[in-house]
Amino acid sequence: MTLVAGVDSSTQSCKIVIRDAETGAFVRSGRASHPDGTEVDPAAWWNALLAAIRDAGGLDDVAAISIGGQQHGMVVLDARGRVIRDALLWNDTRSAQAAIDLLAEVGADGPDGYAARVGALPVASFTATKLRWLRDAEPANAERVAAVALPHDWLTWRLLGYGPADESPLGPELDALATDRSDASGTSYWSPAAEAYDLDLFERALGRPGVEAVGVAEAELEEELTEVVGEGGTNSDAGDPAPGAPVILPRVVPTGHIVGTTVAHGGDGAYADPGHPDTTGITGSIPAGILVGAGMGDNAGAALGLDARPGDVVISIGTSGTAFAVTDHPVADLTGTVAGFADAAGGYLPIVVTLNAARILSSISELLSVDYDEFARLALAAAPGAGGAVLVPYFEGERTPNLPHATATLAGLTIASASRENLARAAIEGMLCGLADGVGAIRSLGVETERLLLVGGAAQNAAVQTVAAQVFDVPVSVPTPGEYVADGAARQAAWTLTGSRPTWPVTFVAELAVDTVPQISEQYRRAQALGSTPRA
Ligand SMILES: Nc1ncnc2c1ncn2[C@@H]1O[C@H](COP(=O)(O)OP(=O)(O)O)[C@@H](O)[C@H]1O
Ligand SMILES: O=C(CO)[C@@H](O)[C@H](O)COP(=O)(O)O
């Protein structure tokens with residue numbers, strides 16, 4: 001049996017699944033948590049990956065691996081391959097003004113408008129706006145930038161043995177950075193229609209020119225390694241980039257492409273990242289010779305993991321809430337509601353993303369001092385519409401609609417409606433109404449939406465499933481709970497190994513017929529119209 005591994009390095013945790021390359025049969029898995037917050041030191045992702053690999057029993061019997069990851073995170077590297085500052089994540093909203101500035105400079109409409117060029121309008125989540133924030137708020141750091149990577153790109157690069165000279169076998173070869181279409185399309189400076197970086201938009205963001213990495217051929221790599229080891233030196237004497245030197249952007253490679261093979265890491269000793277004493281004791285090793293795939297953004301990974309096809313809409317309720325479809329043509333939405341990303345199978349992934357999703361439910365369940373099972377029981381004990389109580393859940397601001405400074409609003413409370421049951425149900429209804437608006441926006445662009453696949457951590461909640469049938473107007477299928485982003489990465493790893501897309505089956509635990517209750521969306525829209533109190 002040939003085994004492949006898929007990783008999902010998402011906002012809250014790192015998950016790895018190991019499957020049979022031919023049948024997709026599950027073999028084993030592991031996970032490790034990530035730190036909270038909207039800016040994180042990428043070393044925490046690397047340590048979590050090592051810990052998750054250890055938790056899964058290691059990779060000694062694995063032939064290929066791919067990494068799916070949270071999108072948009074800004075990982076900036078200096079010429080020594082060192083991370084310059086903590087990565088700003090997709091859910092960090094400090095670059096909201098930078099997004100407004102970039103859009104004002106480029107314009108939204110017309111053939112040269114932002115949406116036409118890269119399939120989406122810039123919002124705080126996207127990498128380009130974070131680079132513009134870096135240029136304006138941390139100019140000294142911006143000047144040190146030799147390369148910009150996304151979370152999955154940087155982890156893949158480390159898996160291939162690259163990194164700072166004192167932390168990696170192969171040193172800081174920035175030209176070995178690679179990414180895939182789906183994650184590149186979330187930067188807001190790569191065009192799915194042109195299949196190329198829009199280097200003008202990159203330079204407008206960071207204020208310095210960019211260039212796509214050329215890749216490092218294996219043979220060239222062997223020669224370089226001998227030189228470095230022979231001389232006993234390392235690249236560590238590489239200084240900051242020469243003034244005006246172009247910033248390296250990861251090479252964009254298609255799914256199925258081998259970006260390299262792993263180099264032995266770690267070993268019997270404990271892994272202790274020298275810069276992070278809290279990692280002492282993390283043991284984890286990676287054997288040499290595992291084929292490494294291009295990886296992908298997490299939503300494209302979920303689409304591949306679910307084997308989603310045109311006509312399917314995936315609703316993923318994780319840290320982020322996402323509604324996305326699969327199309328065979330690029331999509332551009334001038335309103336900015338839908339982002340016209342690329343998928344991980346050669347097609348496209350029109351997507352709507354909300355900042356608030358599963359953590360709406362964890363916040364309200366904590367408020368009610370109940371676990372998820374009791375939370376579900378309370379919500380199901382309330383009638384659809386929660387007695388008129390409505391939660392517009394913009395707890396962390398909101399990305400779609402683009403309200404980065406908004407706060408949540410609880411409306412429609414009366415003596416009769418103010419109950420634990422109604423609050424639990426209002427939380428679920430508000431979360432799903434926001435995602436239903438996303439499905440409507442995708443549908444308004446002419447995208448088919450015939451079947452809805454409900455996944456993500458919160459999709460396992462029985463009340464979420466029931467309310468989904470009352471909110472969405474298409475049948476809801478609930479795939480067997482699993483890690484579909486990691487499964488998509490595992491499918492890509494098998495694709496990389498065999499050269500063709502796997503035909504692994506997908507199983508389902510529930511099929512919910514349409515049971516729409518119009519009152520839910522009608523009262524939600526009225527509460528939305530009240531607006532929200534800007535965050536202090
Ligand atoms: N039964 C449940 N009911 C509601 N929320 C849940 C349930 N199980 C897990 N979650 C939530 O799902 C989230 C994790 O989902 P996941 O898709 O793994 O997120 P991410 O990929 O963003 O890390 C957490 O916020 C967790 O609290
Ligand atoms: O911003 C997006 C997609 O545009 C999010 O989907 C992030 O990619 C994080 O995803 P999760 O951690 O919630 O899986």
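Counting convention: from 1, in listed order, for ligands and their atoms alike. Note that the numbering runs from 1 along the sequence shown for the chain.
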heavy-atom search around atom 1 (N) of ligand 1 in the protein gives Y372 CB, 3.7 Å

Identify the protein heavy atom lying closest to atom 12 (O) of ligand 2, giving its residue, its atom name and the separation to 0.1 Å. T11 OG1, 2.4 Å

Show which atoms of ligand 2 fall inside a sub-4.0 Å distance from at least one heavy-atom site of Q70. 8 (O), 9 (C)

What protein heavy atom sits nearest atom 16 (P) of ligand 1, and how far away is it? G457 N, 3.7 Å

Passing candidate, side-chain contact (heavy atoms from CB on, under 4.5 Å) with T354, options E398, E396, R399: E398

Ligand 2 versus N299, non-hydrogen atoms closer than 4.0 Å: side chain, backbone, both, neither? side chain

Checking E39 against R94 for the salt bridge (Lys or Arg N to Asp or Glu O under 4.0 Å) test, could you report, in this order, the C-alpha distance in whole Å, the side-chain angles of both residues, the deciding distance, and whether it holds? CA-CA 11 Å; E39 58 182 319; R94 77 186 70 185; 2.8 Å; yes

Any heavy-atom pair between the side chains of V326 and R309 that's under 4.5 Å? no

Check: H34 side chain, S10 main-chain N or O, donor-acceptor pair, under 3.5 Å: yes

Of D298, N91, D183, the one whose closest heavy atom lies nearest atom 14 (O) of ligand 2 is D298

Is the ring pair F126/H72 parallel, tilted or perpendicular, if the boundaries are 30 and 60 degrees? tilted

Please indicate whether any nitrogen or oxygen in S10 is less than 3.5 Å from any nitrogen or oxygen in ligand 1. yes

Applying side-chain hydrogen bond (donor to acceptor under 3.5 Å, both in side chains) to T255 and not counting sequence neighbours gives Q492

Please list the nearest protein heavy atom to atom 1 (O) of ligand 2 with its residue and the distance rounded to 0.1 Å. R399 NH1, 2.7 Å

At what distance, to the nearest 0.5 angstrom, does CD1 of I67 lie from CH2 of W157? 13.5 Å

Closest to atom 4 (O) of ligand 2 (judged by heavy-atom distance), picking from H72, H34, R359, Q71: H72

From L367 atom CG to R420 atom CZ, the distance as rounded to the nearest 0.5 Å: 9.0 Å

What atoms in ligand 2 come closer than 4.0 Å to a heavy atom of T319? 13 (O)

Tell me whether K15 reaches ligand 1 (any heavy atom closer than 4.0 angstrom to a ligand atom). yes

Do we get R181 above Y348's six-membered ring, with its NZ or CZ under 6.0 Å from the centre and within 45° of the axis? yes

Mind checking whether W154 and W45 have parallel, tilted or perpendicular rings, split at 30° and 60°? perpendicular

Q12 N/O to ligand 2 N/O under 3.5 Å: no

shortest atom 25 (O) of ligand 1-to-protein heavy-atom contact is with Q12 NE2, 3.2 Å

Per-atom contacts, ligand 2 versus F341 - under 4.0 Å to a heavy atom: 4 (O)

Atoms of ligand 2 close to T322 [distance to a heavy atom under 4.0 angstrom, numbered from 1]: 6 (O)

In the protein, which heavy atom is nearest to atom 13 (C) of ligand 1, and how far is it? A358 CB, 3.7 Å

To the nearest 0.5 Å, what is the distance between SG (C14) and CG (D55)? 10.0 Å

Ligand-side contact atoms (ligand 1) for residue partner T319, heavy atom cut-off under 4.0 Å: 19 (O), 20 (P), 22 (O), 23 (O)

Should S320 be counted as touching ligand 2, given the test is an N or O pair under 3.5 Å? yes

Do ligand 1 and G456 have nitrogen or oxygen atoms that lie under 3.5 Å from each other? no

Below 4.0 Å, non-hydrogen atoms only: which portion of A458 touches ligand 1? Side chain, backbone, both or neither. both

Within-4.5 Å side-chain heavy-atom neighbours: V338 and V447: no

Identify, by atom number and element, the atoms of ligand 1 in contact range of N461, meaning under 4.0 Å from any of its heavy atoms. 3 (N), 4 (C)

Inter-residue atom distance I18.CD1 - L59.CG, 0.5 Å rounding: 5.5 Å

